[in-house]
Amino acid sequence: MSRDGFGSKLGIIAAAAGSAVGLGNIYRFPCELGNNGGGAFLLVYLLIVLCLGVPVMLSEFVIGRRTQQNPIGAFKTLKPKSAWPLFGYLGVACAFIIMAFYSTVAGWTLEYIVKAVGNEFHGKDLETIEKEFVAFHDIGWKNVFWQAVFIFLTAFVVFKGVAEGIEKYSKILMPLLVLILIVLAIRSLTLPNAMEGVTFLFHPDFSKITGSVLISALGQAFFSLSMGMGVLITYGSYIKKNDNLATTALSVTLSDTLVAVLAGIVIFPAAFSFGIRPTAGMGLVFNTLPMIFNQMTGGYVFCIIFFVLLAVAALTSTISLLEVVVAYLVEELRMSRRWATVLAALGCMAVGVFASLSLKSDSALRIAGMSFFDSLDFFSAKILLPVGAFFIVLFVGWVMGKNAFFKEITNEGTLKLSLKGVIFFIIKFVAPLAIALIFITGFL
Ligand code: TRP
């Protein structure tokens, strides 16, 4: 069976960056940063992305492209008759979990597009906008409806296949998102009291760095880069044999980080200016943004474009999540792509409903003091992804080994890569140790 693949170098970067850039950058990053000490979190986050992001991403690409398989098949090929394929299954399970709560928030972006078109934020003060956000969660069916629409859209693109679907949509819309974020950042920075937000974001207070800040930054880095569960193994398997994996990983990491920091520059100065607490969590993004648009010339149009682009950014991410499940069903269980897509989408919906409904203010869907939504987020980002990433680097460093790794990243010796020794050293020793240490300090 011939495999579908990416058409061009730009296409892969766009698709992998499309997977990486999403609600994680614009919604989750500001929430985590606000709850974990501001500048201190940013500093730890950037260090982690720089030192661990690129090597872990490269490891996933190498596993995927070497084997030309989905994560489970990949581990089976590289290490038959071992327990390693279990991590492939873990990835598939993790995709379901992330998809379940991610599609909830993705659904909100659709509701907010409708609100934006109806000019519903116009002239409202913060209190009203906040109240309406909470009231929206209390209408359970509405959340579930938008979530279902979003999952359907995802399934539609995934069904159309890799080059036709994923690649085509990512290439145009991602750069547009960056552009509009820059415009918003300028508006936000010119609001009264904006400097307070800038200080909160960029001035690290070292006393705030605790174990839980470390684990939050680690989880956020992996979540944002789509690492640790095989999405990038799957995408790596679609990368052409003559493409440069290292520069691809670097470009994806840098673009993802740029978008997150830009989102921070949009959100925090404005939040401080309007008097929204940085710890406001979900409301931080969904309430601050409409307030910014209210203060802008052309805010009506910008608001619509922004939420459309946010929805698209979320879509290119959910596509990558669903694709992991579909690739598994197609290649390991020999299902047709059509049925695999239908089944995967229904499965995500089945878990996702509970995530959406758990945010109603009177919901009893709680685990260990957290809403079901928050527990799915916590369990996937702070536990499954670090564990997954730990074993992925361990696998490349100790099982696959130096020779196979060098062959794959230099395209069988045709590329010169002077840093490959350093990268391999990081993958073999530094990355597993660092991940384990952060994980242990985070949970002690
Ligand atoms: N990285 C995406 C975001 O930031 C979310 C995402 C897509 C993801 N695929 C993933 C997270 C795989 C972890 C693993 O919005």
Side-chain angles (χ1 to χ4, degrees), residues 14-33 45 49 52-53 56-57 59-61 64 70-71 87-88 90-109 150-151 154 157-158 166 170 173-174 177-178 181 216-236 249 252-253 255-264 285 309-328 344 348 376-392:
S19 164
V21 174
L23 298 170
N25 307 60
I26 294 164
Y27 165 80
R28 199 177 187 280
F29 176 77
C31 289
E32 289 289 297
L33 189 133
Y45 178 80
V49 164
L52 298 180
V56 177
M57 186 176 294
S59 303
E60 290 205 30
F61 280 164
N70 68 79
F87 294 105
L90 193 75
V92 175
C94 190
F96 263 107
I97 296 176
I98 295 180
M99 200 49 195
F101 72 89
Y102 200 90
S103 55
T104 300
V105 184
W108 300 346
T109 63
F150 206 93
I151 292 182
T154 310
V157 182
V158 167
I166 303 177
S170 307
L173 295 163
M174 286 304 109
L177 180 72
V178 173
L181 279 174
S216 300
L218 185 76
Q220 175 59 25
F222 290 164
F223 188 89
S224 192
L225 294 170
S226 300
M227 290 183 330
M229 49 153 290
V231 159
L232 299 174
I233 295 182
T234 309
Y235 274 29
V252 174
T253 306
S255 2
D256 184 73
T257 309
L258 174 79
V259 176
V261 174
L262 261 177
V285 172
L309 289 176
L310 186 58
V312 173
L315 185 64
T316 51
S317 301
T318 51
I319 288 167
S320 74
L321 288 163
L322 200 66
E323 176 67 23
V324 171
V325 183
V326 171
Y328 160 69
C348 292
L376 291 180
D377 177 305
F378 179 89
F379 186 57
S380 54
K382 293 183 187 165
I383 297 181
L384 288 181
L385 296 182
V387 169
F390 175 79
F391 283 103
I392 284 165

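In each ligand, atom 1 is the first atom listed, and ligand 1 is the first ligand listed.
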I need the minimum non-hydrogen distance between [X] and [Y], along with the two atoms involved.
| X | Y | value |
| --- | --- | --- |
| A381 | F223 | CB-CD1, 4.2 Å |
| Y102 | L23 | OH-N, 2.8 Å |
| K382 | S216 | NZ-OG, 3.4 Å |
| I319 | V158 | O-CG2, 3.7 Å |

N/O to N/O under 3.5 Å, ligand 1 against protein:
from	atom 1	to	atom 2	distance (Å)
ligand 1	1 (N)	S19	O	3.3
ligand 1	1 (N)	A20	O	3.1
ligand 1	1 (N)	F223	O	2.7
ligand 1	1 (N)	S224	O	3.1
ligand 1	1 (N)	S226	OG	3.0
ligand 1	4 (O)	A20	O	2.8
ligand 1	4 (O)	G24	N	3.4
ligand 1	4 (O)	N25	OD1	3.4
ligand 1	9 (N)	S226	OG	3.3
ligand 1	9 (N)	S320	OG	3.2
ligand 1	15 (O)	L23	N	3.2
ligand 1	15 (O)	G24	N	2.8
ligand 1	15 (O)	Y102	OH	2.4

Completion exercise
The ring-ring contact (aromatic ring centres under 6.0 Å, His included) partners of Y328 (sequence neighbours excluded) come to Y89

Practice task
For the residue pair L315 and F150, establish whether any side-chain heavy-atom pair is separated by less than 4.5 Å.
Solution key: yes

